[in-house]
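Accompanying notes for the structure given below.
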Amino acid sequence: MYNIPIKVESGDCQWGKVFHQIIEVAKKNITEEDKKEDLLQCGRIVKNMAKEKSFDDLHRAFRLTGCHMKITDGNGTLITKIV
């Protein structure tokens with residue numbers, strides 16, 4: 001009745017891919033070991049979330065609500081925006 005998406009079509013959700021790319025770029029540019037370990041842990045979490053299709057649920061929620069997410073660095077510079 002309201003054209004609410006029942007599910008996210010396969011390949012529609014790119015969150016896992018985007019987060020993985022951000023983490024990979026950050027790992028190449030980081031020199032502090034403790035922060036590198038944090039990034040490795042984030043990478044493992046993103047991998048598990050992608051495998052469990054958790055990002056599909058988040059993506060659907062964002063589509064239903066019209067929410068946006070901005071990822072910034074420590075200085076407030078925009079890294080990426082997820083719509």
(Q) Nearest 0.5 Å, please: how far is CG in Asp57 from CE in Met49? (A) 9.0 Å
(Q) Using only atom types and a distance under 3.5 Å, with no angle test, would you say the side chain of Asp73 pairs donor to acceptor with the backbone of Asn75? (A) yes
Q | Shortest non-hydrogen contact between Ile30 and Leu39, atoms and distance | A | CG2-CD1, 4.1 Å
Q.
Which heavy atom of Lys36 sits nearest to which heavy atom of Lys27, and what is that distance?
A. CE-O, 4.0 Å
Q) Do Phe19 and Leu40 belong together in a cluster built from hydrophobic side chains that touch within less than 4.5 Å? A) no
Q: Give a yes or no on whether Lys47 atom NZ has more than 12 heavy-atom contacts from other residues, nucleotides or ligands under 6.0 Å away.
A: no
Q: Determine the minimum heavy-atom distance between Ile71 and Ile22, stating which atoms define it.
A: CD1-CD1, 4.0 Å
Q | Closest non-hydrogen atom pair between Val46 and Phe55, with its separation | A | O-CE1, 3.6 Å
Q. If you round to the nearest 0.5 Å, how far is NZ of Lys35 from CG of Asn29?
A. 12.5 Å
